[in-house]
Amino acid sequence: MIYKRIFSILCLLCSVLISLSLQAQDIQSSSVEYYEKGLTLFENGLFEEAADAFDTFVNQQKDHNLRSSSGFYLARSKAYLDSVNTRTYYENYIRSYPRTQFTSQLLFELGNRMENNDQYGQAIEHYQRAIKLGLNDEAGARTYYRLAEASAKNGQNVQARNHFLELADKYPRSEWAPKALYARGRLYLSENKYDSSTVAFETLKKRYPNNEMTRRVGTALGESYYQQGRYEEAITAFKDALPNLEGDLKTKAVYLIAESYNYLNKLDQASSYYLQHINRTKGTDEEYTAHYGLGWVYHKQEIYHWASDEFGKAAEGSGKISRKALYYKAVNEKLGSRYRQSLESFRTFGDRFKKGFWVEKAYYEWAVTAYEVGRYSEAIEVLLPLVRSDESLEWKSKIFTLLGESYFANKEYTRALQAFDEAEKVTDVDDAIKRQARFQKAWVQYSNQAYEPAQSAFEKIYDNAPNTDLGKEALFWSADSYYNMKHYGPASSQYAAFIERYPDHKLAGPAHYSLGWSYFKMGNYQKAIQPFKTFRENYEPPEEALYPYDTDTQLRIGDSYYAVGNYSEAISNYQKAVGAEPGGDYAMFQIANSYYRAEKSYEAVKTFRKFLRIYPQSQFSQQSQYNIAYIYLNTENYSRAVEEFQTVINKYPNTSWAARAQYNIGDAYYNAGDYEKAISSYKEVMEKYPESEYIIEAVNGIQYAQLSGGKADSSSAVLEDFLADNPRSSMADRLRFRQADTRMQTGDYKGAIKEFQQYLRITNSEELQPDAHFNLANAYEKTGQVEKAVQEYQIIVSDFPNSERSSSALTSLGAIASRRGNYQQSFDYFKQLSQKGAKYQQEANIGMGNAQLQMENTDQAGGYYQTALDTNPNYDPAKVGLAKVEIQENNYSEARNLLSTVAESNTTEVGAEAQYLLGMIAQQQQSYEKAVKAYADVNVLYKAFDGWVSKAMLNQAKCYIRLNKQGEARSTLNTLVDNYPDTPQAGEARKLLNEE
């Protein structure tokens, strides 16, 4: 402002000189001597001497017309000498000369002095007083401008804008007018009144198109457009202004052009201007903002490694931009699959920032990233400071939910549940967020294969909110949890309910698909067909899948028809999948198998040969060639079968199919009655394929062929020779096992015990040890050595808990304990069996139900039976178990209904028990004739099951006695004693006979 003050002084001085020159002719040199002396001294900065001269002039010249001018300079000289009292000197003059031009000048200077001292109210007052006195255009415009500026500084923006506009309207030709209009627009801009600022700047452009201030409008107008989101107009304004801009203004314009292009997603142009800005601001804080913007450009272009580099450069700055940039650096490293670097960046963020802006967001994403790469402990460590802090969390429910997931994944289940409970307890979120936490809890359990608690949680979510999006989806996942637990019955029920209630849901397609699989897994192939068809016809399979769902569905429809024996429909559906990749080879393979099952051998062989031409490299090619040979074998074309089996050997040597084919060549010769060639072929299996699993079958074949040919059985010698020649063969151990097993199969239990004991002493392999212990236990049972049997079963359970025989051993232990009357022990064994997995749930439920029934806990027994029936509605042992519960509760009608369906269709021991119980119901209801008939059917239909037959015969005799048919009773008892002498029932029968 110094040059302005000098300019003002010069102007005033000129006016004084002009005045003096006009009056020079009337003034005597003696009268103006002190005035001129004072003016000279004032101009040379000798204010004290100047003040003395002006004071002398004023005192001597009471009426001189230069008295007001001399007083003006006197006041200013004193002000220079005593600046503290400037206002006093100026005000004294103003009171003395209230209407002069000098008064206006002093008022202006006082206003300017007050403004510089931040005394804006007093500055405004003095500027307004100066204006009221009347000023020439230049001084008036200048004073209006300062009045507006002081008003703005005093927070009176409305008044300031009005003063700027008054200036422009009142002094349109003044140099201050365009400056005022520009300042007015900037003032609007500072208040974020972008529409008004745009109008103000456009007014300036319209009134003064060629003024210097108008050229500067480009930056301000562009910024105004930018702030309004009018990015195209902003870019145009900035670009128009660029040729006239220098320094900071040009740098700012370049940056805002880049930002505007960024917002418009014109990323190449944005990148170019960001790079210009970076080059212009090297080494300054402004460089960081450009790197930040350029990072967003690369992020949008999905060039994540470049984006992370730019955000990393921006993070070197300070303030909010640094926090945000460091956060986005980590995010883009993660998006670029650079998880290690991402975690390092998040850790740097954590080291630098503990509280405040974006900490919650960054820490949450840090924990998510750690969780996703399996660093669950780190995720927990990141989240704990958040949940323990005193700061209010916006994402409290999400944070607790993630903490729960992390604990769960880290196998800290108790803490996981606590975290999920805390997520649900958050009071500042609505029910939908809490429901999301519960759903997430269930989903984490599901994802970690904890299907049982997941199913329960999903079902509760559905029950509580069936019409919400999460509630609907929860029903699907409840069903899917059942499916993964292999509880296909409840799974199918819930899938069907989901389809019925939410037919338009996005998961309706997967529900149809899974419903089909549920039925398929239960063996209910007929019911599986329709859901698969609906899925195929009405729903699009997922775009990305490990296996094409449409092909899989088509094949399962074919498999379902194949399983129910509808081979024509199976062929029709398989044909629709021929040519698919993958899956087409399986479809053609199954077409051939369908022809074979339909007894169309010619078509089967023809299709298998076609398959071999089209899919020579398929995994089914070896089996296809084998099946051709096998069809000839089964159709008794033995010579052709031998040729085709030989083709298998030639095309696929040293494979399991080659060994199997060689074995079947022996079978072909055996069936043709050529026992010598059969023996030779079986021996060839042993010679060429010593590691084959068909070695044992070959030894058996030699045995059968020799016996059929009327020769002595030398299979044992052949076996010993093989073991001598191949002592390290992988089959050696199995062959020794076979020797022991042969004893078992021939009923030589004592010999089997000896062989299995010997096998267990010498074997180095654990593979068959569980089987050996199991067979040894079985042999002990057969010979009445029950305690030793129990010991062997317990060895299997304790030493080989993961073997298949472990489950069978538990079943046997449960059965033995039950026969001994140790029902609680029996229950405990079956309970242990239930923990072996879904595969054994049915048998375990029946065993636990039977034990509870024996302990007269009918409710608990019924629960176990019902659980088994829920899993498989066609499971006959469960029906029989429920029937026994009904019998104990005297609900004979319900029991009879359950038992009748089993007895009519089941030919196993379960059917025998059902038939026996039907007789028992009739007997308890004193319908002895019906009872006799039912018991008789046990003997007729289930003769193989001695225990049930002997029980039925004893009760049948008792019914005869009740009917006074003593002869029939005696005959039945005698038959029982003769045919089943070692049964407990035979002993009771003898007592009854002796009582007659």
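Put simply, the side chain of Ser834 gets close to the backbone of Lys831: a donor and an acceptor are under 3.5 Å apart. With Ser806 contributing its side chain and Asn802 its backbone, the two residues share no donor-acceptor pair below 3.5 Å. Formation of a donor-acceptor pair under 3.5 Å by the Asn906 side chain with backbone atoms of Val902 is not found in this model. Panel note: side chain Asn778, backbone Phe774; no donor-acceptor pair is recorded below 3.5 Å. Under a 3.5 Å cut-off, the side chain of Asn448 and the backbone N or O of Ala450 do not form any donor-acceptor pair. Checking side-chain atoms of Gln494 against main-chain N and O of Ala479 turns up a donor-acceptor pair under 3.5 Å. No donor-acceptor pair closer than 3.5 Å links the side chain of Ser456 to the backbone N or O of Pro453. Side-chain N or O atoms of Ser492 include one that pairs as donor or acceptor with a backbone N or O of Gly489 at under 3.5 Å.
Atom OG1 of residue Thr867 and atom CG of residue Asn872 lie 13.0 Å apart, to the nearest 0.5 angstrom. Annotation: the span from Ile529 atom CD1 to Ile557 atom CD1 amounts to 8.0 Å, rounded to 0.5 Å. Leu918 CG to Leu898 CG: the interatomic distance, rounded to the nearest 0.5 Å, is 10.0 Å. Once rounded to the nearest 0.5 Å, the distance linking OG of Ser818 with CD of Gln824 reads 12.0 Å. The NZ atom of Lys527 lies 3.5 Å from the OH atom of Tyr519; values are rounded to the nearest 0.5 Å. Atom CD in Glu889 sits 9.5 Å away from atom CD in Glu894 (nearest 0.5 Å).
At a cut-off of 3.5 Å, with distance as the only test, a side-chain donor of Gln530 or Thr534 sits close to an acceptor on the other residue. Side-chain contact check for Gln888 and Thr858: no donor-acceptor pair (N or O, by modelled atom type) lies under 3.5 Å. Side-chain contact, Tyr574 with Gln590: a donor N or O sits under 3.5 Å from an acceptor N or O. Checking Gln866 against Asp870 by side-chain atom types alone, a donor-acceptor pair falls below 3.5 Å. If you check the side chains of Tyr595 and Asn593, you find no donor sitting under 3.5 Å from an acceptor. Checked by atom type, the side-chain pair Ser568/Asn566 shows a donor-acceptor distance below 3.5 Å.
For Val373, the side chain to side chain contact (heavy atoms under 4.5 Å, CB included) test picks out Tyr339, Leu343, Arg375, with sequence neighbours left out. Thr811 is linked by a side chain to side chain contact (heavy atoms under 4.5 Å, CB included) to Phe830, Leu833, Glu843, counting only residues two or more places apart in sequence or in another chain. Partners of Tyr482 by side chain to side chain donor-acceptor pair (under 3.5 Å), not counting sequence neighbours, listed by chain and number: Gln455.
The two atoms that bring Leu507 and Trp477 nearest to each other are CD1-NE1, 4.4 Å, heavy atoms only. Taking both residues in full, the closest heavy atoms of Ala914 and Val880 are given as CB-CG2, 4.1 Å, listed atom of the first, atom of the second, then distance. For the pair Leu853 and Ala861, the tightest heavy-atom approach, listed with the atom from each and the gap, is N-CB, 3.7 Å. In plain terms, the two heavy atoms of Ala934 and Gly919 that are nearest each other are CB-CA, 3.4 Å. Summarising the geometry of Gly579 relative to Tyr615, their closest heavy-atom pair is N-OH, 3.6 Å, with the distance given to 0.1 Å. When all heavy atoms of Lys884 and Leu917 are compared, the pair lying nearest together is CG-CD1, 3.7 Å.
The aromatic rings of Phe535 and Tyr513 are tilted relative to each other, their planes meeting at an angle between 30° and 60°. Ring planes of Tyr483 and Tyr488: perpendicular class, angle over 60° (limits at 30 and 60°). Under the 30°/60° scheme for interplanar angles, the aromatic rings of Phe589 and Tyr586 are found to be tilted. Note on ring orientation: taking the six-membered ring where Trp is involved, the planes of Trp657 and Tyr626 are tilted (angle from 30° to 60°).
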Exercise. Can you list the steps and then say if Tyr525 with Tyr561 is a side chain to side chain contact (heavy atoms under 4.5 Å, CB included)?
Worked result: CA-CA 7 Å; Tyr525 303 111; Tyr561 279 122; over 6 Å; no
For this session: For the pair Tyr942 and Asp937, evaluate side chain to side chain donor-acceptor pair (under 3.5 Å) and give the outcome as yes or no after the intermediate values.
Result: CA-CA 8 Å; Tyr942 302 98; Asp937 284 343; over 6 Å; no
For this session: Show your reasoning for whether side chain to side chain contact (heavy atoms under 4.5 Å, CB included) applies to Tyr864 and Ile846.
Result: CA-CA 7 Å; Tyr864 287 115; Ile846 299 304; over 6 Å; no
For this session: Show the numbers, then the answer: is there a side chain to side chain contact (heavy atoms under 4.5 Å, CB included) between Asn850 and Tyr823?
Result: CA-CA 9 Å; Asn850 289 339; Tyr823 303 120; over 6 Å; no
Exercise. Between Gln841 and His487, is a side chain to side chain contact (heavy atoms under 4.5 Å, CB included) present by the stated rule, with each step listed?
Worked result: CA-CA 9 Å; Gln841 286 297 319; His487 295 175; 4.3 Å; yes
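Between Arg556 and Asp559, at least one side-chain nitrogen of the basic residue sits less than 4.0 Å from a carboxylate oxygen of the acidic one, meeting the salt-bridge criterion. Between Glu792 and Arg805 there is no salt bridge, since none of the side-chain N atoms of the basic residue sits less than 4.0 Å from a carboxylate O of the acidic one.
No side-chain heavy atom of Leu810 sits less than 4.5 Å from a side-chain heavy atom of Tyr840. By the 4.5 Å heavy-atom criterion applied to side chains, Asn897 and Ser893 are counted as neighbours. Proximity of Phe476 to His505: side-chain heavy atoms (C-beta onward) are nowhere separated by under 4.5 Å. Between Asp799 and Gln769 the shortest side-chain heavy-atom distance does not fall below 4.5 Å. Within the 4.5 Å cutoff, side-chain heavy atoms of Met522 are placed close to those of Pro873. Side-chain atoms of Phe800 and His773, non-hydrogen and from C-beta on, do get closer than 4.5 Å to each other. Looking at heavy atoms from C-beta onward, Tyr596 lies in side-chain contact with Asn634 at the 4.5 angstrom threshold. Here the side chains of Ser621 and Gln617 are not in contact, with every heavy-atom distance at 4.5 Å or above.
The neighbour count for Phe520 CZ, taken as heavy atoms of other residues, nucleotides or ligands under 6.0 Å away, is above 12. Atom CD of Glu452 is surrounded by 12 or fewer heavy atoms from other residues, nucleotides or ligands within 6.0 Å. For Lys836, the NZ atom counts as densely surrounded, since its 6.0 Å shell holds more than 12 non-hydrogen atoms of other residues, nucleotides or ligands. Other residues, nucleotides and ligands contribute at most 12 non-hydrogen atoms within 6.0 Å of the CD atom of Glu856. No more than 12 heavy atoms of other residues, nucleotides or ligands sit less than 6.0 Å from atom NZ of Lys521. Annotation for Asp469: atom CG does not count as buried by contact number, only 12 or fewer foreign heavy atoms lying within 6.0 Å. Enclosure of atom CZ in Arg820 by more than 12 non-hydrogen atoms of other residues, nucleotides or ligands within 6.0 angstrom is indicated.
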